[in-house]
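Atoms within a ligand are numbered from 1 in the order they appear, just like the ligands themselves.
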Amino acid sequence: MSFNIERNGKKRVVIIGGGFGGLRLAQGLKKSNFQVILVDKNNYHQFPPLIYQIATAGLNPSSISFPFRKLFEDRKDYFFRMAELTCIYPEGNYIQTSIGKIDYDYLVLANGTKTNFFNNKNVEEWAIPMKTVPEAMGLRNTLLASFERSITCSNEQERDEFLNIVIVGGGPSGVEIAGAIAEMRRYVLPKDYPDMDTSKVHIYLIEGGKRLLAGMSEESSEKALKFLQSMNVEVKLNTFVTDYEDHKVRMNDGSAIGTRNLIWVGGVTANQVNGIPDSALGRGRRIMVDNYSRVKGFDNIFAIGDISLMEGDPNFPNGHPQMAQPSIQQGELLARNIIALEKGKPLKGFVYKDLGCMATIGKNKAVAEIAGCRLGGFFAWILWMAVHLVSILGVKNKFFVFMDWIWSYFTYDQSNRMILRSTQSKVMKNIEDTLRELHGHDDHKEQTTEK
Ligand SMILES: Cc1cc2nc3c(=O)[nH]c(=O)nc-3n(C[C@H](O)[C@H](O)[C@H](O)COP(=O)(O)OP(=O)(O)OC[C@H]3O[C@@H](n4cnc5c(N)ncnc54)[C@H](O)[C@@H]3O)c2cc1C
């Protein structure tokens, strides 16, 4: 297998990852004179802030996903390749991926993070993460299957395990999924399952720190806690999950909760890139970059977004928050800087414009901190919806998300409550096996694949 992309006299920029950062960079290079190659292991861009609504059957996966090929359909010298980066070889200016090698003039790592299970093997094996669209689909299937199964249990302990939902991590994702499931319990389950005693559905939110939404003010944390408690979510602060075995989540205070629905949104760690030396890694194994997003020790390798840790911003000594805005702003600036580099012009250093943050807990319940203003309740919720609608890619996606929101606002109903299991054709399986085989032989070793 190979990339099958010829050199055409233009300098080549290879971007790994079409998330918020990588995509914005690719868009910024639109009018430049580069050959741009975007490499992503998926063939679509996803919009993580609304992933929890996929998991709770509020939205369709296609409403928050956008195919890369559609984005690049009318562009010359833009190429997309669905492939997974496995290693970089800076001395030869090329990378190894699951479909072969490709050389570059500029390489940009924008491949984000993965869920951090903090080396807890049982949790990693059994917990349900919620970082990607397929994982959100897996979570939706699990929750719906648990509800189905619970009404057929003859054993009370088993029934409770199916109805207890334990969410680990009190950041925005944990708060949002807890609120959404609480609304499902209140408005959807009594209609869908008239023979279920919904008072037996317990939702727990476990957080290791002393407050929820640690990235926001104490006032917003307090509001979020009150909103969740008013929705009967049982919040446990200052509590760490230590293990999961025999359908029981164990905690450091000695307590345990029986559950088959363990949702893990407890943190992320940077994706590892083979070929980047350990000396270039910082906190959370993020790749250390200078003020121009250039990876420490390299001239033509850059890292942006969640995977990077930019040094030198006195307001963010531990790096910028792993959120959409830093990634977008770094992608935009890097596009301008790569163009400037080619023209021999001076580069511009990155200055993060903090546009604030927000989290929604349920209908009419959100917290927002924007431009020094702290909002809570209905106005924060309207603002949250407006910001997210504007940010989703594609007019069709905006329309469908808006219609789904209007529908569920008036009907208190989420329409996507199907357990959809995927089946794989033999051809697809064969493609995946071939890629896996290539991958397996790859780790850090030279391949015989032609460059
Ligand atoms: C559930 C959830 C909710 C969130 N909500 C918010 C929110 O409300 N507001 C906010 O500001 N931020 C939110 N975030 C954080 C935000 O999504 C990230 O900060 C942002 O997506 C980071 O952008 P990025 O470009 O660095 O990486 P990502 O957007 O993570 O993109 C990385 C890309 O790299 C690809 N990739 C990964 N590994 C490889 C590989 N080896 N080879 C090829 N491709 C690869 C992936 O497929 C992906 O497309 C949320 C995150 C999650 C998971």
Side-chain angles (χ1 to χ4, degrees), residues 14-26 37-56 64-68 80-88 95-99 102 108-116 129-136 139 167 169 171-177 180 213 215-216 263-268 270-275 286-287 293 303-309 319-332 334 354-360 366-368 384-385 387-388 391-392 435 439 442:
V14 174
I15 305 168
I16 311 295
F20 285 122
L23 202 58
R24 200 52 76 104
L25 166 66
I37 302 174
L38 176 65
V39 178
D40 199 295
K41 59 184 179 180
N42 297 310
N43 76 338
Y44 57 88
H45 167 81
Q46 63 174 21
F47 187 74
L50 293 182
I51 272 182
Y52 78 96
Q53 297 201 8
I54 307 283
T56 47
I64 66 156
S65 316
F66 207 90
F68 290 123
F80 170 71
R81 289 293 180 267
M82 190 174 81
E84 193 159 350
L85 173 73
T86 53
C87 192
I88 69 173
I95 60 169
Q96 176 72 52
T97 75
S98 51
I99 58 164
I102 184 93
V108 183
L109 302 168
N111 47 323
T113 55
K114 61 180 182 188
T115 301
N116 191 353
M130 196 190 67
K131 200 170 170 344
T132 62
V133 170
E135 285 171 356
L139 175 51
I167 300 149
S173 298
V175 164
E176 292 182 338
I177 187 77
L213 302 177
M216 297 182 83
I263 302 172
W264 190 266
V265 282
V268 293
N271 276 320
Q272 196 189 328
V273 177
N274 291 325
R286 287 162 81 178
I287 300 173
S293 293
I304 54 173
D306 279 6
I307 199 170
S308 70
L309 184 79
H320 298 106
Q322 286 168 300
M323 287 170 58
Q325 271 307 318
S327 313
I328 290 170
Q329 292 175 27
Q330 285 170 4
E332 268 168 7
L334 183 57
D354 188 353
L355 301 184
C357 49
M358 44 180 78
T360 184
V367 286
W384 179 92
M385 286 200 295
V387 167
H388 286 81
S391 311
I392 298 171
L435 291 179
H439 245 333
D442 179 56

Worksheet item: Shortest non-hydrogen contact from Met82 to Ile99?
Response: O-CG2, 3.9 Å
Discussion item. Test your reading of the model: is there a side-chain donor-acceptor pair from Trp264 to the backbone of Gly169, 3.5 Å cut-off?
Written reply: no
Worksheet item: Which atom pair, heavy atoms only, marks the closest approach of Leu25 to Leu334?
Response: CD1-C, 4.0 Å
Worksheet item: If you count the atoms of ligand 1 from 1 in the order shown, which ones are under 4.0 Å from a heavy atom of Asn271?
Response: 37 (C), 38 (N)
Worksheet item: Considering only heavy atoms of Gly21, which atoms of ligand 1 have at least one such atom less than 4.0 Å away?
Response: 25 (O)
Discussion item. Residue-level breakdown please: for Gln322 versus ligand 1, do any non-hydrogen atoms fall below 4.0 Å on the side chain, on the backbone, on both, or on neither?
Written reply: backbone
Worksheet, complete the sentence: Closest non-hydrogen contact found for Pro326 with Pro321 is CG-O, 3.2 Å
Worksheet item: N/O to N/O below 3.5 Å, does that happen between Phe20 and ligand 1?
Response: yes
Practice prompt. Could you list the atoms of ligand 1 found under 4.0 angstrom from a heavy atom of Gly305?
Written response: 26 (O)
Worksheet item: Between Gly275 and Cys87, what is the shortest heavy-atom contact and its length?
Response: N-SG, 4.3 Å
Worksheet item: Any idea which heavy atoms bring Gln46 and Thr132 closest together, and the distance?
Response: OE1-CA, 3.5 Å
Item to complete: Measure across Trp384 and Met358 and return the closest heavy-atom pair with its distance rounded to 0.1 Å.
Response: CA-SD, 3.4 Å
Item to complete: Please report which non-hydrogen protein atom sits nearest to atom 42 (N) of ligand 1, along with the residue it belongs to and the distance in Å to one decimal place.
Response: Leu85 N, 2.9 Å
Worksheet item: Starting from atom 37 (C) of ligand 1, which protein heavy atom do you reach first, and at what distance in Å?
Response: Asn111 O, 3.2 Å
Worksheet, complete the sentence: Numbered in order shown, the ligand 1 atoms found under 4.0 Å of a heavy atom of Ser327 are 22 (C), 23 (O), 24 (P), 26 (O)
Fill in: Atom NZ of Lys131 with >12 non-hydrogen neighbours under 6.0 angstrom
yes
Fill in: Backbone or side-chain N or O of Tyr44 under 3.5 Å from ligand 1 N or O
no
Worksheet item: Does Ile16 reach the side chain of Ile88, with side-chain heavy atoms less than 4.5 Å apart?
Response: no
Response to the item:
Quick note on ligand 1: atoms under 4.0 Å from a heavy atom of Gly17 include exactly 33 (C), 34 (O), 35 (C)
Fill in: Protein residue, atom and distance nearest to atom 26 (O) of ligand 1, heavy-atom basis
Asp306 N, 2.8 Å
Discussion item. Polar contacts were defined as any N/O atom of the residue lying under 3.5 Å from an N/O atom of the ligand; does this apply to Glu176 and ligand 1?
Written reply: no
Discussion item. Check this for me - ligand 1, Ile307, N or O atoms closer than 3.5 angstrom, yes or no?
Written reply: no
Worksheet item: Atom CG of Leu50 and atom CE of Met385: how far apart are they, to the nearest 0.5 Å?
Response: 11.5 Å
Worksheet item: Just wondering, do Val39 and Leu85 contact through their side chains at under 4.5 Å, heavy atoms?
Response: no
Worksheet item: Is it the side chain, the backbone, both or neither of Cys357 that has a heavy atom closer than 4.0 Å to ligand 1?
Response: neither
Discussion item. Show the atoms of ligand 1 that are less than 4.0 angstrom away from any heavy atom in Ala110.
Written reply: 32 (C), 33 (C), 34 (O)
Worksheet entry | Main-chain N/O of Thr86 paired with Gln96 side-chain donor or acceptor, under 3.5 Å | no
Discussion item. Check the orientation of Phe47 and Phe20. Use parallel for under 30°, tilted for 30 to 60°, and perpendicular for over 60°.
Written reply: perpendicular
Response to the item:
heavy-atom search around atom 1 (C) of ligand 1 in the protein gives Met130 O, 3.4 Å
Worksheet entry | Protein residue, atom and distance nearest to atom 12 (N) of ligand 1, heavy-atom basis | Ala324 N, 3.4 Å
Practice prompt. Indicate, as side chain, backbone, both or neither, the part of Ser173 found under 4.0 angstrom from ligand 1 when only non-hydrogen atoms are considered.
Written response: side chain
Worksheet entry | Side-chain heavy-atom pair Phe68, Leu23 within 4.5 angstrom cut-off | yes
Practice prompt. Among all protein heavy atoms, pick out the one at the shortest distance from atom 35 (C) of ligand 1; state its residue, atom name and that distance to 0.1 Å.
Written response: Asp40 OD2, 3.3 Å
Worksheet item: Which ligand 1 atoms are under 4.0 Å away from a heavy-atom of Lys131?
Response: 53 (C)
Response to the item:
atom 8 (O) of ligand 1: closest protein heavy atom, distance to 0.1 Å, is Pro49 CB, 3.4 Å
Worksheet item: Going by the atom numbers of ligand 1, which of them fall below 4.0 Å from some non-hydrogen atom of Ala83?
Response: 42 (N), 43 (C)
Item to complete: For atom 51 (C) of ligand 1, grab the closest protein heavy atom and report residue, atom and distance to one decimal in Å.
Response: Pro48 CB, 3.6 Å
